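Chain A is the first sequence line, chain B the second, and so forth, proteins listed ahead of strands; every chain is numbered from 1. Owing to the predicted nature of the structure, the values given are computational and were not obtained by experimental measurement.
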Amino acid sequence: MNEPTDRRRFLARSGLTAALALAGLPTAQAQAGDADAPRLLVVLLRGGMDGLAAVPPVGEPALAGLRPTLVPAQLLALEGPFALHPALRTAHALWQAGQLAVVHATGFDYTGRSHFEGQDVMQSGVMAPYTSPSGWVGRAMQAAGLGGGVAISIPMPLILRGDPGAATEYPNWMAPPRPALAADLQRLWRSDPALAPYARHLAADGASGMAGGRPLNLRAAEFQEARSPASLARLAAERMRESAGPRVGLIDIDSGFDTHAGQGADSGPHAAKLQEFDGILQAFREGMGALWAQSLVVTVTEFGRTVAENGTTGTDHGVGSCCFVAGGLVRRSALIADWRGLARDALFQGRDLPVTIDACAVYARVLQRAFGLDEARIQAEVLRHRPHPLLRDFLA
Amino acid sequence: MTPSPGDLQRYARRVGVGLAPGERIDDDPVGWAAAQLRSVPPIGILEPDGRERADLPEGLRLRGSGDELMHAWQRHMDTVAQVRARSASLGEAAFRREFTERVGIPYFRLEPWKEVQARATTAVHGPAPVFERFWHFWTNHFTVAPGTMQNEVLVGPHQRALRERMTGSFRDLLWQAVTHPGMLVYLDNVRNTGPNSRARRERWTRDSVNENLGRELLELFTLSPAAGYTQQDVEQATLVLTGWRVQRPDRSHRPGIPLGTRFVWDWHEPGAQTVLGKRYQALFKPESKLVELIDDLAAHPATARHLAHKLCVQFIDDEPPAEAVAEVERAWQGSAGHLPTVHEAVLRAAWRTLGRTRKFASPEAWFLQVHRCSGLAPPRALPLPGEAGLKTFYLLGDLGQALPRCPQPNGWPIRSSEWLSRELLDRRARLAQLLATAAVREAGGAAQARVAALVDTHWPADAGAGEGGTLARQALAQRDPARALALVWLSPEFLWS
């Protein structure tokens with residue numbers, strides 16, 4: 001048997017560094033006239049993004065002393081004491097175009113500093129770890145009646161669960177099941193409650209040979225490239241700009257922000273991850289074309305990192321971080337923070353950026369705008385949060 | 001009551017990788033399984049007859065954990081440095097070529113290939129698949145993955161070192177897992193330095209504390225956050241771990257110093273540390289602080305509870321019956337964490353609750369079961385330029401479980417629900433079709449009869465074959481044995497155990 005050896009060799013080596021999921025196909029009734037309904041791209045930044053590296057408060061005199069090797073030299077200006085990391089060029093262009101909001105000293109009401117609890121909480125939107133089988137984006141789609149879904153990522157991230165139509169997809173090389181096998185499987189899986197929801201998709205995919213991962217007839221470098229975060233963002237945009245396409249996309253950067261040692265400043269491991277995120281922004285904005293005006297991109301990370309550099313030129317697990325909200329639906333560029341400085345007594349337990357604005361409140365505003373859900377319904381069914389006056393009108 | 005053949009098959013998949021064609025369990029399935037846990041079976045890249053494979057290139061063998069491993073690690077680092085140093089003179093294309101040849105192929109491809117190949121063939125062809133599944137559990141519990149400090153060669157040796165401790169106590173397994181160079185490197189402890197250590201005071205280094213291993217020691221490996229420890233406990237455990245380093249044969253190496261894990265007082269935080277209210281102090285034997293901490297964490301009731309529950313989630317159900325967890329916890333407490341006793345309690349509880357529990361096979365477990373239950377060997381091609389054929393470790397990546405590249409230290413998911421998504425199922429369907437087609441082609445004229453026999457085992461005609469049996473027999477009647485074979489592997493009865 002021949003195998004496309006060349007493109008395969010990259011899989012184990014590159015691992016799975018990012019994945020894309022799309023969901024929220026409008027229902028049949030909703031399709032007409034929905035071509036320019038809002039689109040939402042959620043980007044998971046796992047490992048704990050360092051908000052003080054991404055958006056350093058360089059106007060704080062204490063910063064350089066607390067972080068001798070971590071503060072970038074080439075900064076992109078924002079406002080107040082804040083600047084953007086030099087890897088975030090697209091974000092900076094969006095800032096200048098009036099399309100980037102940064103919420104700083106934000107995070108969840110979870111201070112356990114565990115990645116795994118934190119990543120559960122950030123996706124479920126429920127502050128008790130491992131207690132919710134569904135995620136806040138999934139519940140929001142369910143509440144907004146955005147049924148059905150297309151998808152792209154290998155596992156199903158918790159954040160999308162709760163919407164039975166949400167599904168995943170990822171660049172793949174294997175041929176889909178032949179129609180006879182797909183039809184048999186559909187019958188075989190129908191009676192199993194856990195498999196039944198997928199039976200329908202499988203038969204449809206098998207028949208068309210398309211969805212569930214279009215077979216990519218690519219050479220090695222191209223296959224590798226197809227799985228890069230920017231390419232996944234392009235793929236997301238390609239699907240999401242279709243008039244009957246998914247309204248929600250999700251890109252999961254599944255590790256890499258956890259820089260305990262040798263974090264770097266202008267360049268280095270943390271900068272490389274920020275650059276991946278910037279590449280996603282750039283590719284998605286380009287890919288959405290005119291629909292960018294109707295789009296929002298929002299980041300989610302489980303926690304920030306210690307304010308002070310640790311003993312190995314890195315940072316340990318902290319609490320508050322920052323959150324990016326970009327897109328045409330941002331009213332105007334803004335740095336939103338109840339900023340209390342970096343003095344020890346202003347920090348959470350004397351070491352971490354405190355959560356002064358509930359990240360769930362930021363996401364609630366995003367859901368309100370993107371899905372037309374009202375505040376009371378979001379509080380009751382989707383995402384409990386503490387509203388904050390500074391978030392009142394940052395979205396158009 | 002005599003157990004039904006279907007139950008026995010399901011149990012063999014639940015705690016092992018299933019029964020090979022013709023393989024039988026007599027009336028004591030728990031005894032059958034427990035017997036496989038009493039000694040450590042050898043691991044190797046095996047042929048279907050159980051012998052070591054003899055056609056591999058020179059030098060491609062599993063490394064041990066001693067000096068040999070440290071030299072291999074140093075060689076990897078030196079090679080990378082040499083190739084990088086030549087990058088300017090080589091030019092872009094030649095540099096890439098040389099890097100692929102000297103670093104990419106040996107360390108990024110052959111290194112994980114041989115470890116995954118050994119793991120897969122030992123589970124499918126070896127004498128004790130139940131042992132292998134428990135080993136898979138522990139390698140996942142103590143995850144070490146490539147990607148830190150050019151640690152590719154350390155991953156397999158760390159995992160295999162755990163096997164040797166599976167017939168003793170959890171305490172010894174924990175010690176092995178935490179102090180092996182593989183873990184000290186993966187979770188950055190090699191740089192975790194006491195802020196008041198001599199190395200720090202005399203400015204030999206700018207390194208100081210790094211919480212990465214200290215936190216996971218409490219959170220993942222032993223107590224779990226349910227135990228209610230504090231940030232301060234994490235910080236203090238981190239200090240206890242300072243000075244636990246790894247000696248490589250590099251320029252810092254002095255004659256007479258052994259290679260590998262090494263406790264160096266000069267990098268350790270002096271004085272006492274307090275974890276969970278207990279003071280750890282050592283006047284004459286400084287490394288005994290960690291020894292005591294590991295003893296205490298291993299013996300802590302929260303550790304027993306955490307691991308009893310986790311083992312039951314792995315082998316019994318996402319929501320395991322409370323009495324099963326309690327039984328395992330009792331076995332743990334009663335035996336002071338004697339692993340064969342604990343594992344046997346899991347086996348007993350899994351058998352007793354088989355009728356009301358179920359687990360969806362992880363991609364790896366399913367892949368191994370597909371091969372063992374069908375009398376097939378995992379694909380054997382090496383990931384070398386020009387070598388055609390499927391490669392086992394890439395296929396696991398295609399299924400969503402790219403061993404050994406686990407993305408995070410909490411390991412691959414152990415819950416059924418995590419392995420159910422449209423994409424994951426779609427990939428299993430695609431791979432099943434691919435493997436079934438290849439197997440049928442390979443079997444030639446014998447394919448039809450062999451698949452028919454498998455279908456009869458899986459869906460006995462006399463037991464009300466059910467829809468799967470009907471569909472598979474239809475496929476056979478249409479002379480499409482590949483479809484029938486894929487249907488066996490993709491049937492709910494096979495995906496779940």
Can you confirm whether R201(B) is buried at CZ, in the sense that more than 12 heavy atoms of other residues, nucleotides or ligands lie under 6.0 Å from that atom? yes

I'd like to know which of E152(B), E219(B), E442(B) tops the heavy-atom pair count under 4.5 Å against chain A. E219(B)

With heavy-atom distances below 4.5 Å as the criterion, would you say the side chains of E216(B) and H115(A) are in contact? yes

Select one option (side chain, backbone, both, neither) describing which atoms of D192(A) are under 4.5 Å from chain B's heavy atoms. side chain

The side chain to side chain donor-acceptor pair (under 3.5 Å) partner of H260(A) among N212(B), T148(B), D188(B) is N212(B)

Proximal component of P195(B), with respect to chain A [non-hydrogen, under 4.5 Å]: neither

Most contacts with chain A, counted as non-hydrogen pairs under 4.5 angstrom, among A145(B), P409(B), C406(B): P409(B)

For D184(A), all residues meeting salt bridge (Lys or Arg N to Asp or Glu O under 4.0 Å), sequence neighbours excluded: R483(B)

Please state whether the side chain, the backbone, both or neither of T193(B) comes within less than 4.5 Å of a heavy atom of chain A. neither

Return yes when atom CD of Q478(B) has more than 12 non-hydrogen atoms of other residues, nucleotides or ligands closer than 6.0 Å, and no otherwise. yes

Are side-chain heavy atoms of R351(A) and Q231(B) found at a separation under 4.5 Å? yes

Against chain B, label T69(A) side chain, backbone, both or neither, depending on which of its atoms sit under 4.5 Å from a heavy atom there. side chain

Might you point out which heavy atoms bring G262(A) and R191(B) nearest each other, and give the distance in Å? N-NH1, 4.0 Å

Minimum heavy-atom distance between Q433(B) and P176(A), given as atom pair plus value: NE2-O, 2.9 Å

Going by heavy atoms in the side chains, are L490(B) and L188(A) under 4.5 Å from each other? no

Looking only at S191(A), S114(A), P133(A), the option with the highest number of non-hydrogen pairs under 4.5 Å against chain B is S114(A)

Given heavy-atom pairs under 4.5 angstrom as the criterion, report whether the side chain, backbone, both or neither of E111(B) touches chain A. neither

Which residues satisfy the salt bridge (Lys or Arg N to Asp or Glu O under 4.0 Å) test with K310(B), sequence neighbours excluded? none

Side-chain heavy atoms of P225(B) within contact of F116(A), under 4.5 Å: no

Please state whether the side chain, the backbone, both or neither of L195(A) comes within less than 4.5 Å of a heavy atom of chain B. side chain

Does one side chain, of T312(A) or N210(B), offer a donor that lies under 3.5 Å from an acceptor on the other? yes

Pairs of heavy atoms under 4.5 Å with chain A: top-ranked of L220(B), L396(B), T230(B): L220(B)

Under a 4.5 Å heavy-atom cut-off, does chain A meet the side chain of W113(B), its backbone, both or neither? neither

Between the OG1 atom in T470(B) and the CZ atom in R187(A), the distance rounded to the nearest 0.5 Å is 8.0 Å

For a side chain to side chain contact (heavy atoms under 4.5 Å, CB included) check, start with the C-alpha distance between L424(B) and Y198(A), then their side-chain angles and the critical distance, and finish with the verdict. CA-CA 10 Å; L424(B) 285 164; Y198(A) 307 106; over 6 Å; no

Contact residues of residues 313-320 of chain A (partner chain B; heavy-atom separation under 4.5 angstrom): T313(A), D316(A), H317(A)

E211(B) vs R113(A), test: side chain to side chain contact (heavy atoms under 4.5 Å, CB included). Steps then yes/no. CA-CA 11 Å; E211(B) 287 175 6; R113(A) 300 190 183 91; 5.6 Å; no

Using every non-hydrogen atom in the two residues, find where R215(B) and G112(A) come nearest and quote the distance to one decimal. NH1-O, 3.7 Å

Honestly, the part of L495(B) sitting under 4.5 Å from a heavy atom of chain A is side chain

How long is the straight-line distance from OG of S224(B) back to CD of E117(A), given to the nearest 0.5 Å? 8.0 Å

What residues, two or more places apart in sequence or in another chain, satisfy side-chain hydrogen bond (donor to acceptor under 3.5 Å, both in side chains) together with R415(B)? none

Show the numbers, then the answer: is there a side chain to side chain contact (heavy atoms under 4.5 Å, CB included) between Q408(B) and Q119(A)? CA-CA 11 Å; Q408(B) 301 195 98; Q119(A) 289 171 25; 2.8 Å; yes

Test side chain to side chain contact (heavy atoms under 4.5 Å, CB included) on R178(A) and D480(B) and set out the steps. CA-CA 12 Å; R178(A) 286 174 288 135; D480(B) 189 353; 3.5 Å; yes

For R206(B) against P68(A), the heavy-atom pair lying closest together: NH2-CB, 4.4 Å

